[in-house]
Participant: 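After the structure tokens below, expect a handful of questions from me.
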Amino acid sequence: MTGRSEEDPFTKPIGRWSVFFYGVGHMLNDITASCWFTYLLLFLTQIGLSPRDAAIVMLSGQVADGFATIFTGELIDRFGHFKIWHAAGSLLVAISFSSVFGGCLPCSILHNDSLTLETFSYSMFAAIFNIGWAATQVSHMAMVNCISLNSTSRVALTSCRNAFTMVANLGLYAIALVVFGVIKAGSKEDTETQYRWIAYSSISIGCCFVIIFLMGTKEPRLRLDLKETCRVRIPWVYWFRKLLYYQVAMVYLLTRLVLNVSQAYLAFFVIDDLQMDQSAKALVPAIIYICSFVVSVLLQEIPWNGRRLKAYYTAGGVIWIFCGAAILLLPRNISFFMYAISVFIGIANALMMVTAISMQSVLIGAEVGGCAFVCGSLSFLDKMSCGLALYVLQSHQSTSPRTQLNNHQQSAYLSVTRYGLGLVPAFCSFVGVTVTFFMELGADGSLSKPLREPLLE
């Protein structure tokens, strides 16, 4: 059995071009998600919606995304065809995303500008967008486990995908910087025009990379040469009986909370709490994503095993704990330290995200008949938790008083924004590190021995 496994081409490291073509396949999702978490709440409040209504729009999208991941994962496990699901989801994202950041279409049709109708309209398009987003995400994430059985190559694919996530985020901020510089927001219509052009540009760039992915990546199901028992669809209850499933789910959920909640409140924090220059709204996130990109690329060159996954995740979590404490205590008169903090946030984000997703591959192993369900169910938990967390925080945004930490003139304030960027990610990182400590990633033998071969051919 071992000899056959070693001769199997799917246990060997895969080529760099295969990693590249796979890595760019999530660019459309990444650039639209970056816009979603960074600018949606800001956009909706700027056009007149209350913080609570803006939170309802985001929650509707997150809930739709969460349930869509479950159904998409089940259908992919039953029928396969990863690329078809990826293409269909990308098409739905491209069609609907501009309406999320555009004007209220039902309001124009019915000639009614009520806030209730606006909230309903944005919530509806947010749900449609997130259904397409979920189909693309689950199909792309599950493909990792069918492209290769080599654990190190799976981490390489994940690292490459995460690196292009950083490229997508940087691309978004470059687009936003140009649009905000060319189009000045003097009215509600100007604001809608700004974000509509950001959406159009993001969709155009993302679709180009989707085409590259579809042309360069082969359908895994058509060339996966495993035993028939490995291709049989695995029932849900099989995963629910594994302790590692719950541990990986918890780590992934907490990691996504760290990234998404911090991203949603980063722009608010640097402008409202620290009162930094407007350029900081783009510069601070750019530093984070550049550092994450560099770390993601470096992680591709490491031979991986279970112990290293746990060690690198723990390192990222500990860094985030210190960053969260620094954000909570950072006074306004030394706000420039935020640039240094952003470097460490970028490093921590990459370490945690790459290793958390790679833990899913360890859980799945060679049992690819249930890989889409695992990815879908974990994404469901991620979307629901992030949506509820942002809803709770945003619901208190307008009513929560700022608490002064000391009596100095330039002091730090504890606001909902500061809690969202500092306390929530730090607490989630702490819990994630604790759960990781008790994980047995080598229990199945999937990563029990270091992989000595080079990462890529």
Side-chain angles (χ1 to χ4, degrees), residues 26 29-44 51 54-66 68-69 93 97 100 126-127 129-130 133-134 136-138 141 161-162 165-166 168-169 172-173 249-270 284-285 288-289 292 296 313 316-317 320 323-324 327 342 345-346 348-357 360 375 378-395 397 416-432:
H26 211 248
N29 265 26
D30 288 332
I31 198 168
T32 52
S34 179
C35 190
W36 169 269
F37 283 108
T38 304
Y39 292 126
L40 181 65
L41 296 177
L42 189 63
F43 164 69
L44 294 175
I56 290 174
V57 175
M58 174 164 281
L59 181 61
S60 66
Q62 294 297 111
V63 171
D65 193 343
T69 56
V93 167
F97 186 65
V100 176
F129 158 68
N130 276 277
W133 201 96
T136 303
Q137 182 204 26
V138 174
M141 187 180 295
R161 166 183 162 151
N162 194 66
T165 297
M166 303 307 121
N169 284 312
L172 172 71
Y173 287 110
M250 180 62 69
V251 169
Y252 181 74
L253 180 155
L254 293 167
T255 303
R256 295 302 309 188
L257 275 173
V258 170
L259 271 68
N260 292 341
V261 174
S262 63
Q263 184 177 6
Y265 285 101
L266 183 61
F268 287 107
F269 178 70
V270 298
V284 170
I288 291 175
Y289 296 128
S292 291
S296 296
Y313 183 89
W320 238 120
C323 290
I327 289 170
S342 64
I345 291 177
N349 284 351
L351 291 174
M352 295 178 70
M353 196 69 249
V354 170
T355 52
I357 294 178
Q360 295 183 32
C375 296
L378 268 57
S379 294
F380 169 80
L381 298 174
D382 150 37
K383 307 306 177 185
M384 298 299 291
S385 61
C386 288
L388 291 172
L390 291 172
Y391 177 79
V392 171
L393 289 169
Q394 193 67 10
S395 296
Q397 179 77 321
V416 170
T417 301
R418 196 178 287 262
Y419 282 129
L421 183 60
L423 182 61
V424 173
F427 176 76
C428 291
S429 298
F430 173 77
V431 178

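Because only heavy atoms are used, hydrogens play no part in the values below, and waters and symmetry mates are left out as well, while side chains stay in.
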Participant: So Arg418 and Phe269, do their side chains get closer than 4.5 Å, heavy atoms only?
Facilitator: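 Answer yes - side chains close enough.
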Participant: Within this structure, what is the CG-CE distance for the pair Asn260 and Met58, rounded to the nearest 0.5 Å?
Facilitator: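 So the CG of Asn260 and the CE of Met58 are separated by 8.5 Å.
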Participant: List the atom of Pro425, the atom of Gly420, and the distance in Å for their closest heavy-atom pair.
Facilitator: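 Shortest heavy-atom separation between Pro425 and Gly420 comes out as CD-O, 3.2 Å.
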Participant: Can you find a pair of side-chain heavy atoms, one from Leu266 and one from Leu421, that are under 4.5 Å apart?
Facilitator: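 Of all side-chain heavy-atom pairs linking Leu421 with Leu266, at least one is under 4.5 Å.
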Participant: Within the distance-only criterion (no hydrogens, no angle test), does the side chain of Thr355 pair as donor or acceptor with the backbone N or O of Leu351 below 3.5 angstrom?
Facilitator: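 Yes, Thr355 side chain to Leu351 backbone: donor-acceptor pair under 3.5 Å.
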Participant: For residues Leu172 and Ser34, report the shortest heavy-atom separation together with the two atoms involved.
Facilitator: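 Residues Leu172 and Ser34, closest heavy atoms: CD2-OG, 3.1 Å.
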Participant: Where is the tightest heavy-atom contact between Ser429 and Gly317, given as atom of each residue plus distance?
Facilitator: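 Closest heavy-atom pair between Ser429 and Gly317: CB-O, 3.5 Å.
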Participant: Quick check: closest heavy atoms across Ala389 and Leu257, and the distance to 0.1 Å?
Facilitator: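 The pair with the smallest heavy-atom distance is CB-CD2, 3.9 Å.
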Participant: Counting only N and O atoms by type, is there a donor-acceptor contact under 3.5 Å from the side chain of Asn29 to the main-chain atoms of Trp133?
Facilitator: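 Yes.
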Participant: Quick one: does Asp30's side chain get under 4.5 Å of Met166's, heavy atoms only?
Facilitator: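 Not touching, per the 4.5 Å side-chain cut-off.
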Participant: Using a 4.5 Å cut-off on heavy atoms from C-beta on, say whether the side chain of Trp320 contacts that of Ser262.
Facilitator: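 Yes; the side chains approach each other to less than 4.5 Å.
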Participant: Kindly indicate whether the side chain of Phe43, heavy atoms from C-beta on, has any atom under 4.5 Å from the side chain of Val100.
Facilitator: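 Result no, sub-4.5 Å side-chain heavy-atom pair not found.
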Participant: Ignoring hydrogens, what is the shortest heavy-atom contact between Thr69 and Ala134? Give both atom names and the distance.
Facilitator: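 Closest pair (atom of Thr69, atom of Ala134, distance): CG2-CB, 3.6 Å.
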Participant: Determine whether the side chains of Tyr173 and Thr38 contain a donor N or O and an acceptor N or O closer than 3.5 Å.
Facilitator: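 Looking only at side-chain atoms, Thr38 and Tyr173 do form a donor-acceptor pair, the distance falling under 3.5 Å.
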Participant: What pairs with Phe427 under ring pair (Phe, Tyr, Trp, His ring centres under 6.0 Å), at least two apart in sequence or on another chain?
Facilitator: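 Phe427 satisfies ring pair (Phe, Tyr, Trp, His ring centres under 6.0 Å) with no residue once adjacent residues are dropped.
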Participant: Give, for atom CD1 of Ile345 and atom CD of Gln263, the distance between the pair rounded to the nearest 0.5 Å.
Facilitator: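 So the gap between those two atoms works out to 11.5 Å.
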Participant: Near Met250 CE, under 6.0 Å, is it more than 12 heavy atoms from other residues, nucleotides or ligands?
Facilitator: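 Atom CE in Met250 is not crowded, with 12 or fewer foreign heavy atoms closer than 6.0 Å.
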Participant: Before giving the answer on side chain to side chain contact (heavy atoms under 4.5 Å, CB included), spell out for Met352 and Leu254 the whole-Å C-alpha distance, their side-chain angles and the decisive distance to 0.1 Å.
Facilitator: CA-CA 10 Å; Met352 295 178 70; Leu254 293 167; over 6 Å; no
Participant: How far apart are the C-alpha atoms of Ser385 and Gln62, what are their side-chain angles, what is the distance that settles it, and do they pass the side chain to side chain contact (heavy atoms under 4.5 Å, CB included) test?
Facilitator: CA-CA 9 Å; Ser385 61; Gln62 294 297 111; over 6 Å; no
Participant: Quick check for you: to the nearest 0.5 Å, what is the distance between Met141 atom CE and Ile357 atom CD1?
Facilitator: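 Nearest 0.5 Å value for the CE-CD1 distance: 5.0 Å.
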Participant: Between Gln360 and Tyr252, does a side chain to side chain contact (heavy atoms under 4.5 Å, CB included) hold up when you go through it step by step?
Facilitator: CA-CA 8 Å; Gln360 295 183 32; Tyr252 181 74; 3.2 Å; yes
Participant: Passes side chain to side chain contact (heavy atoms under 4.5 Å, CB included), Leu390 versus Val261? Steps please.
Facilitator: CA-CA 7 Å; Leu390 291 172; Val261 174; 4.3 Å; yes
Participant: Decide yes or no for Leu393 and Thr417: does some side-chain heavy atom of the first lie under 4.5 Å from some side-chain heavy atom of the second?
Facilitator: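 The answer is no; the side chains never approach within 4.5 Å.
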Participant: If we ignore angles and hydrogens, is there a donor and acceptor under 3.5 Å between the side chains of Trp36 and Asn130?
Facilitator: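 The answer is no; no qualifying pair exists.
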Participant: Do Asn349 and Ser292 get their side chains close enough for a donor-acceptor pair, meaning under 3.5 Å?
Facilitator: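 Absent: no donor and acceptor within the cut-off.
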Participant: Nearest 0.5 angstrom please: Leu59 CG to Cys386 SG, how far?
Facilitator: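 Nearest 0.5 Å value for the CG-SG distance: 11.5 Å.
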Participant: Which residues pass the side-chain contact (heavy atoms from CB on, under 4.5 Å) test with Ala356, sequence neighbours left out?
Facilitator: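 Only Val251, Thr255, Tyr313 meet the side-chain contact (heavy atoms from CB on, under 4.5 Å) criterion with Ala356.
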Participant: Do Cys35 and Phe97 have side chains that approach each other closer than 4.5 Å (heavy atoms only, starting at C-beta)?
Facilitator: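 When only atoms from C-beta onward are counted, Phe97 and Cys35 do touch, with a gap below 4.5 Å.
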Participant: Sort and list the pairs that fulfil salt bridge (charged side-chain N to carboxylate O under 4.0 Å, His left out) and have at least one residue in residues 379-395, not counting sequence neighbours.
Facilitator: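 Sorted result for residues 379-395: Asp65-Lys383, Arg256-Asp382.
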